[in-house]
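Shown next, in structure tokens, is the structure this report addresses.
In listed order, ligands and their atoms are each counted from 1. It should be emphasised that the depicted structure is a prediction, and the values quoted were computed from it without experimental measurement.
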Amino acid sequence: MTLKSNKSRSFKKINFKEKFSKFSEHWQPKVVANLNDYEIKLVKLKDDFIWHHHEETDEAFIVLKGEIHIEFEDHTISLGEGEMLVVPKGVRHKPYADQEAHVMLIEPKDVRNTGNIEDDFTAPNNKWV
Ligand code: NI
């Protein structure tokens with residue numbers, strides 16, 4: 001059996017601390033596993049992201065370290081370590097973090113991180129760590 005396919009890569013214990021030690025850039029999600037047609041990604045957040053929405057999918061934010069804030073049209077939700085939020089599809093949001101935070105994202109494959117927007121914050125998909 002080859003260990004080169006993504007499926008085989010997923011079938012291994014994953015240590016978040018070790019994965020987060022392997023990259024430093026912000027707002028650039030890295031895939032650590034596939035779950036059927038979904039991806040589990042890790043991302044470091046700091047400062048402001050951009051306003052966007054995802055036409056086709058909900059998006060789960062799970063905070064593993066630090067604190068993040070997700071702004072919506074009429075309110076902001078703050079998430080601390082051990083907290084999560086599912087942003088429903090179609091809902092405009094703008095995440096930000098005052099200090100660097102470590103976050104897990106769960107969403108379908110090939111979701112653009114900036115949703116309906118393409119700009120400098122748009123990160124390449126299918127980057128594994
Ligand atoms: Ni989003």
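Not a single salt bridge (Lys or Arg N to Asp or Glu O under 4.0 Å) links E59 to another residue, sequence neighbours left out. Listed by chain and number, the residues in a salt bridge (Lys or Arg N to Asp or Glu O under 4.0 Å) with K30 are E25 (sequence neighbours excluded). Taking the ring pair (Phe, Tyr, Trp, His ring centres under 6.0 Å) definition, one finds that F16 meets it with nothing, sequence neighbours left out.
The pair R92-E73 meets the salt-bridge criterion, with a side-chain N (NZ, NE, NH1 or NH2) lying under 4.0 Å from an Asp/Glu carboxylate O. Comment: K94 engages E71 in a salt bridge, judged by a side-chain N to carboxylate O separation of less than 4.0 angstrom.
Here 4 is the count of protein N, O or S atoms positioned under 2.8 Å from the Ni ion (ligand 1), waters not counted.
Between the N116 side chain and the H53 main chain, a donor and an acceptor come within less than 3.5 Å of each other.
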